[in-house]
Amino acid sequence: MENEKKNKPGRPFGTFDWSDLADENVSRPKDITSDMWTPISAGKPETQRRPNGNLVDREKGAKVSPGKGGSKKSTSPGKKSRSQNPPEKKNNRPAQPAQKKKKQSEEQKRTAALQAERRNAARQRREELERARERRAYENERKHYEKASESYNRQRNLGSSREELSKKRARKKRRSKSFYAVTITAGILLAAVFATLIFCFAVGSPVAVIEVSGECVYSPNDVIAACGVVPGENIFTVREKKVNAVLSRALPYIGSVEVERNFPDKLILKVNPTSEKYLIAVKNSYICLDESEKVLSVKKKKLRDGTYRLEGFKGQSVQPGERYEPCEEDEKRFESAKRIIAALEAASIKKANVIKLESLDNIIVVYDSRFNIYLGGTDRTEKKLSLCAEVIRSNDAKSNTGYIDARFDSRAYFNEGKMEYDADK
């Protein structure tokens, strides 16, 4: 009933207004405001933001800022109004002129256009390569087909029926199979041979007996002891070249050795001897060399047939079993002596066994301790000795002595008398 009394006329029943309590000195709650309800009016609904801050702040006097059309809006000091323009940001960079911006945009356009052109060119190139590859594949297939068709038509034109063609193909297939079978068999055999050889070299048969055959100034025991082959060594690992090198140095009068294997454990050494050909006079001894210029020995040696004594050399220390290397002074003398010896053998002057080379401008050859042949220098030696051969043949039957002057290659003459140089001295 009290509520009915307090209701004012024109107000719906049960509604309440704070103004009704104004006479009773009732204070209005601070946490409730009249703007919490949004009035609903006809047309578009008006949206209202929820106020920020507490009620005390909102109760304070709001600042009014003029907006558009001269209207004033109240804003709280804790919240900025939307109508206010935000402060402009400071930009420290200098503003670029419009011309520079335009130039940069043009450069960007040109770069983009150039990149587009490159992409289009690369795509076109790929397409061209793909078309060329397909064209080649097509041409190869077409040629293969045409070749097969031509072969087939040629055989058909020769009168071959379809059955004959199939028989030919079958024969060709059989031949290819037989070829593959033969190839595989040959490969297996070769592999077996290689495996056998590897086994022989790896395990092999030990040498139990070593024999020496052939004439030699050394005894068989000396040859066996110096050959470098030890009993019990693998018979397949004995190398002929190594045996030759060892024996040629240890036993100089052995020229060469042939190694034969008599399975399972026997080794035969066939010795080929060598002999002196050059005797280089050095003081009271001679350096004996064979035809291959290997030093055989250094000793006093009497002359025999087929041996040439060379005089006028300075001499040097040598080692038997090694190749003779003359000193610088004797090198020209030795080369001249070899050339004269070759000319003597070509002219069939067999008994000329001493060559005096003290002066290369006055070379003297002693023939059979009867004639002294004066050759002069080493020029035109073959022609001079061929003339001397005729003079020797005309006077060889006689027992006279003297000298033959062949210093001029146009003629050679004989003077009877005592020899100026005797080989026995």
Side-chain angles (χ1 to χ4, degrees), residues 212-229 238-259 269-346 349-360 363-366 378 381 421 423-425:
V212 179
S213 63
E215 296 181 359
C216 182
V217 296
Y218 305 104
S219 65
N221 292 332
D222 294 338
V223 175
I224 293 172
C227 69
V229 180
V238 178
R239 297 176 58 190
E240 185 175 301
K241 187 176 180 180
K242 183 179 179 181
V243 173
N244 272 278
V246 171
L247 287 178
S248 178
R249 179 169 292 183
L251 307 175
Y253 281 90
I254 294 178
S256 62
V257 180
E258 297 178 7
V259 178
L269 304 178
K270 291 186 176 180
V271 178
N272 299 317
T274 186
S275 59
E276 303 94 344
K277 184 174 183 179
Y278 309 109
L279 300 178
I280 299 176
V282 180
K283 295 181 180 179
N284 297 326
S285 61
Y286 297 98
I287 300 174
C288 304
L289 309 178
D290 63 354
E291 190 173 3
S292 62
E293 303 176 17
K294 181 178 70 171
V295 179
L296 301 179
S297 61
V298 180
K299 59 182 181 179
K300 292 183 178 180
K301 189 74 175 179
K302 292 183 179 180
L303 289 175
R304 63 181 183 83
D305 294 340
T307 304
Y308 298 93
R309 190 172 74 190
L310 311 179
E311 296 185 358
F313 286 73
K314 300 297 181 181
Q316 62 188 42
S317 61
V318 293
Q319 185 68 29
E322 296 182 356
R323 184 181 175 83
Y324 175 67
E325 297 291 342
C327 61
E328 187 177 356
E329 296 180 3
D330 294 342
E331 188 174 0
K332 292 183 179 180
R333 291 186 175 89
F334 190 61
E335 292 297 328
S336 301
K338 289 194 292 182
R339 184 176 177 182
I340 292 169
I341 291 169
L344 289 171
E345 292 176 352
I349 304 176
K350 298 180 180 180
K351 296 182 181 180
N353 47 21
V354 179
I355 303 173
K356 188 176 176 60
L357 298 161
E358 292 179 356
S359 175
L360 295 179
I363 299 173
I364 301 173
V365 178
V366 180
T378 57
T381 305
Y421 177 77
D424 296 332
K425 291 183 180 180

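Source: prediction; values computed, not measured.
Counting heavy-atom neighbours within 6.0 Å of R339 CZ, excluding the residue itself, gives a total above 12. Open room surrounds CD on E291; 12 or fewer heavy atoms of other groups in view lie less than 6.0 Å from it.
Contacts of K351 classified as side-chain contact (heavy atoms from CB on, under 4.5 Å), with partners at least two apart in sequence or in another chain: Y367, D368. Remark: F313 engages no residue in a ring pair (Phe, Tyr, Trp, His ring centres under 6.0 Å) (not counting sequence neighbours). Among residues two or more places apart in sequence or in another chain, the salt bridge (Lys or Arg N to Asp or Glu O under 4.0 Å) test is passed with E358 by K356.
For the pair E335 and K338, the salt-bridge criterion is met [side-chain N within less than 4.0 Å of a carboxylate O].
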CA sep, side-chain torsions, deciding dist, call: E276, Y253, side chain to side chain donor-acceptor pair (under 3.5 Å): CA-CA 9 Å; E276 303 94 344; Y253 281 90; 3.0 Å; yes
Could you walk me through whether E322 and V295 pass side chain to side chain contact (heavy atoms under 4.5 Å, CB included), step by step? CA-CA 6 Å; E322 296 182 356; V295 179; 5.7 Å; no
Run the side chain to side chain contact (heavy atoms under 4.5 Å, CB included) test on Y278 and I341 for me, step by step, so that the C-alpha distance in whole Å, both residues' side-chain angles and the decisive distance to 0.1 Å come before the verdict. CA-CA 10 Å; Y278 309 109; I341 291 169; 3.4 Å; yes
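Looking at N272 and S256, their side chains do bring a donor and an acceptor atom within 3.5 Å of each other. In this structure, a donor-acceptor pair under 3.5 Å is absent between the side chains of K294 and T274. Residues Y286 and E311 have side chains that never bring a donor and an acceptor to within less than 3.5 angstrom of each other. In the model, S292 has a side-chain atom that pairs as donor or acceptor with a side-chain atom of D290 under 3.5 Å.
Taking all atoms of both residues into account, the shortest heavy-atom contact from A337 to L357 is CB-CD1, 3.6 Å. Taking all atoms of both residues into account, the shortest heavy-atom contact from A352 to V365 is CB-CG1, 3.7 Å. Taking all atoms of both residues into account, the shortest heavy-atom contact from G321 to P252 is N-CG, 3.8 Å. Contact between T378 and S336 at its shortest, heavy atoms only, is CG2-OG, 3.6 Å. The minimum heavy-atom distance linking N244 with V257 is given by the pair OD1-N, 2.6 Å.
N353 contributes no side-chain N or O that, together with a main-chain N or O of T307, makes up a donor-acceptor pair within less than 3.5 Å. Between the side chain of E240 and the backbone N or O of V259 there is at least one donor-acceptor pair closer than 3.5 Å.
Looking at heavy atoms from C-beta onward, C288 lies in side-chain contact with S297 at the 4.5 angstrom threshold. In this structure the side chain of P273 never reaches within 4.5 angstrom of the side chain of V217, judged on heavy atoms.
For an aromatic pair to be called close, the ring centres must be under 6.0 Å apart, and Y324 with F334 satisfies this.
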